[in-house]
Amino acid sequence: MILCEDYGDRGDTLVDQWIEAQVGGAAADALGPPDLSANTLLAAATQLSTPGLYGLGEPRLSHIAPNASELVRWLSTSGYWARMQFVQRMVVGLGDWVLALSVENGQLCLENAYPWRLWTRSSPHSPTDVREVRWLRMRHTDPTDPASPCEWFWDCYNLDAPSFRVLDRDGTDYSNVHIQVEGGYAPVGGLTGDAYPYRRPDGSPFLPFVFYSDANDGQLWHDNTRRGATRGALNTITLSTYQLRALMSASMPPTVAVNLEQPAAQAINVGDANNAGS
């Protein structure tokens with residue numbers, strides 16, 4: 001994703017493929033490394049979200065309600081204000097972003113739930129009423145051993161029949177390995193029914209995710225919102241790469257000789273004392 005300057009699994013795969021599609025394979029090979037500084041989408045999103053605004057100090061909140069002080073403390077210690085600048089930049093550049101909420105050791109934790117790693121199911125009557133979320137995450141196969149290999153697992157949340165489970169890519173339930181509860185681990189099948197942990201004060205269940213969008217148009221996702229800007233950024237990178245190559249070629253033009261025959265001569269290395277005077 002070019003907004004995060006992630007240009008592909010192997011170096012600059014995304015940009016390389018785009019340049020090759022624009023100018024052809026042979027010409028693309030001659031251009032050299034792409035000029036990634038010409039990322040107009042990143043520049044625009046950065047300028048509009050002004051990251052670093054709270055670098056010298058985050059906002060200070062207070063509330064007359066006595067029970068609000070703990071919430072204010074949670075927001076401050078979790079890094080909420082600085083994180084929201086990043087969220088704003090991603091929403092401006094992508095159209096959507098998602099934060100996952102959790103509590104670790106009494107501390108509010110905010111984690112980026114990348115939209116391309118989420119599967120969602122909404123109410124048929126309202127696309128923004130999310131009823132189920134599956135979040136693809138990398139986990140240690142043995143959570144008690146930090147040296148154990150990592151694999152992809154699905155964190156599965158469902159509101160219609162409240163449940164939280166962890167499944168592997170084949171659908172096998174690993175909730176009893178990866179979901180910690182007081183006194184141990186969840187049973188196979190996860191936390192269901194009354195055991196579902198994410199509930200409001202009135203007992204109603206909720207999903208521990210916050211969905212952000214650049215427009216309230218009744219849709220949950222806006223994956224086409226920035227398609228033109230994304231292609232424009234790739235075209236700008238292509239153009240800048242081509243211009244840099246043209247400038248270097250103009251200042252140091254290559255010389256091509258056809259059927260060149262070098263005259264026979266004795267070569268003397270400058271500074272070679274053994275060949276001096278020969």
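Side-chain atoms are counted along with the backbone in the values below, which use heavy atoms only and exclude waters and symmetry mates. Only a predicted model underlies this, so the values are computations on that prediction, with no experimental measurement involved.
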Inset, instruction - Kindly check if the number of other-residue, nucleotide or ligand heavy atoms within 6.0 Å of CG (Asp145) is above 12? - result: yes
Inset, instruction - Indicate whether any N or O donor in one side chain lies under 3.5 Å from an N or O acceptor in the other, for Thr77 and Gln107. - result: yes
Inset, instruction - Find out whether Tyr114 and Arg137 are in side-chain contact, i.e. whether some heavy atom of one side chain is under 4.5 Å from a heavy atom of the other. - result: no
Inset, instruction - Establish, from distance only, whether the side-chain atoms of Asp155 and His178 form a donor-acceptor pair under 3.5 Å. - result: no
Legend entry - Donor-acceptor contact below 3.5 Å, side chain Thr230 vs main chain Arg226: yes
Legend entry - No-hydrogen, no-angle side-chain donor-acceptor test under 3.5 Å, Ser240 and Asp35: yes
Inset, instruction - Would you check if the distance from the ring center of Phe211 to the ring center of Trp97 is below 6.0 Å? - result: no
Inset, instruction - Starting from the C-alpha separation in whole Å, work towards a yes-or-no answer on side chain to side chain donor-acceptor pair (under 3.5 Å) for Thr144 and Asp142. - result: CA-CA 5 Å; Thr144 63; Asp142 181 358; 2.6 Å; yes
Inset, instruction - Take Arg121 and Asp160, measure what side chain to side chain contact (heavy atoms under 4.5 Å, CB included) needs, and give me the verdict at the end. - result: CA-CA 11 Å; Arg121 179 180 60 83; Asp160 292 334; 2.8 Å; yes
Inset, instruction - Locate the shortest heavy-atom distance separating Tyr80 from Leu110; write the atom from each residue and the value. - result: CA-CD1, 3.7 Å
Legend entry - Whether Arg165 side chain and Tyr157 backbone form a donor-acceptor pair below 3.5 Å: no
Legend entry - Hphob cluster co-occupancy, Val91 + Phe86, side-chain heavy atoms under 4.5 angstrom: yes
Inset, instruction - Take atom OH of Tyr242 as the centre, draw a 6.0 Å sphere, and report whether it contains more than 12 heavy atoms from other residues, nucleotides or ligands. - result: no
Legend entry - Hphob cluster co-occupancy, Leu42 + Leu14, side-chain heavy atoms under 4.5 angstrom: yes
Inset, instruction - Apply side chain to side chain contact (heavy atoms under 4.5 Å, CB included) to His222 and Ser213, showing your working. - result: CA-CA 8 Å; His222 303 83; Ser213 173; 2.7 Å; yes
Legend entry - Nearest atoms (heavy-atom pairs only) where Asn39 meets Ala233: OD1-CB, 3.9 Å
Inset, instruction - Rounded to the nearest 0.5 Å, what's the gap from CG on Leu94 to CG on Leu41? Could you check? - result: 7.5 Å
Inset, instruction - Please indicate whether Arg231 has more than 12 foreign heavy atoms, meaning atoms of other residues, nucleotides or ligands, lying under 6.0 Å from its CZ. - result: no
Legend entry - Thr46 vs Arg89 side-chain heavy atoms within contact, under 4.5 Å: yes
Inset, instruction - Determine the minimum heavy-atom distance between Arg83 and Asn112, stating which atoms define it. - result: NH1-OD1, 3.7 Å
Inset, instruction - Enter the distance from Asp96:CG to Met90:CE here, rounded to the nearest 0.5 Å. - result: 11.0 Å
Inset, instruction - Test Thr120 against Trp221 for side chain to side chain donor-acceptor pair (under 3.5 Å), laying out the working first. - result: CA-CA 10 Å; Thr120 59; Trp221 298 112; 3.1 Å; yes
Legend entry - Non-hydrogen side-chain atoms of Gln243 and Leu239 separated by less than 4.5 Å: yes
Legend entry - Non-hydrogen side-chain atoms of Val103 and Cys109 separated by less than 4.5 Å: no
Legend entry - Trp152 side chain to Asp168 side chain, donor-acceptor N/O pair below 3.5 angstrom: no
Inset, instruction - Give a yes or no on whether the ring-centroid distance for Phe164 and Tyr196 is below 6.0 angstrom. - result: no
Inset, instruction - Please report the shortest heavy-atom distance between Arg117 and Trp154, naming the atom on each side. - result: O-CZ3, 4.0 Å
Inset, instruction - Group every Ile, Leu, Val, Met, Phe, Trp and Tyr by side-chain heavy-atom contacts under 4.5 Å, then state whether Tyr198 and Trp135 land in the same group. - result: yes
Inset, instruction - Please report the closest heavy-atom contact between Pro34 and Ile237, naming both atoms and the distance. - result: CB-CG2, 4.3 Å
Legend entry - Donor-acceptor contact present, side-chain Thr141 to main-chain Pro149, <3.5 Å: yes
Legend entry - Neighbour count >12 (heavy atoms, 6.0 Å) for atom CG, Leu260: yes
Legend entry - Same apolar cluster (I L V M F W Y, side chains within < 4.5 Å links), Leu159/Leu99: no
Legend entry - From OG1 (Thr192) to CG (Asn158), nearest 0.5 Å: 11.0 Å
Legend entry - Residue Asp202 excluded, over 12 heavy atoms near CG under 6.0 Å: yes
Legend entry - Ile19 side, atom CD1; Thr238 side, atom OG1 - distance, nearest 0.5 Å: 4.5 Å
Legend entry - Full working for side chain to side chain contact (heavy atoms under 4.5 Å, CB included) between Tyr185 and Ile179: CA-CA 6 Å; Tyr185 289 87; Ile179 301 179; 5.9 Å; no
Inset, instruction - Mark yes or no: Arg134 above the aromatic ring of Trp119, with NZ or CZ under 6.0 Å from the six-membered ring centre and no more than 45 degrees from the axis. - result: yes
Inset, instruction - Return yes if some donor-acceptor pair links the side-chain N/O of Asn176 with the main-chain N/O of Ala186 below 3.5 Å, else return no. - result: no
Inset, instruction - Check whether any side-chain heavy atom of Val92 lies under 4.5 Å from a side-chain heavy atom of Asp214, and answer yes or no. - result: no
Legend entry - Leu207-Phe153 co-clustered via ILVMFWY side chain contacts under 4.5 Å: yes
Legend entry - Separation between CG of Leu136 and CE of Met138, rounded to the nearest 0.5 Å: 8.0 Å
Inset, instruction - Any chance you could lay out the side chain to side chain contact (heavy atoms under 4.5 Å, CB included) test for Leu234 and Val15, step after step, and finish with the verdict? - result: CA-CA 7 Å; Leu234 290 170; Val15 176; 4.1 Å; yes
Inset, instruction - Find the distance between OG (Ser126) and CZ (Arg131) and round it off to the nearest 0.5 Å. - result: 10.0 Å
Inset, instruction - Work out which heavy atom in Arg199 is nearest to a heavy atom in Pro162; give both atom names and the distance. - result: NH2-CB, 4.1 Å
Legend entry - Within-4.5 Å side-chain heavy-atom neighbours: Ser122 and Leu220: yes
Inset, instruction - Return yes when atom CG of Asp217 has more than 12 non-hydrogen atoms of other residues, nucleotides or ligands closer than 6.0 Å, and no otherwise. - result: yes
Inset, instruction - Taking the side chain as every heavy atom from C-beta outward, state whether Phe209 and Glu111 have any pair of such atoms under 4.5 Å apart. - result: no
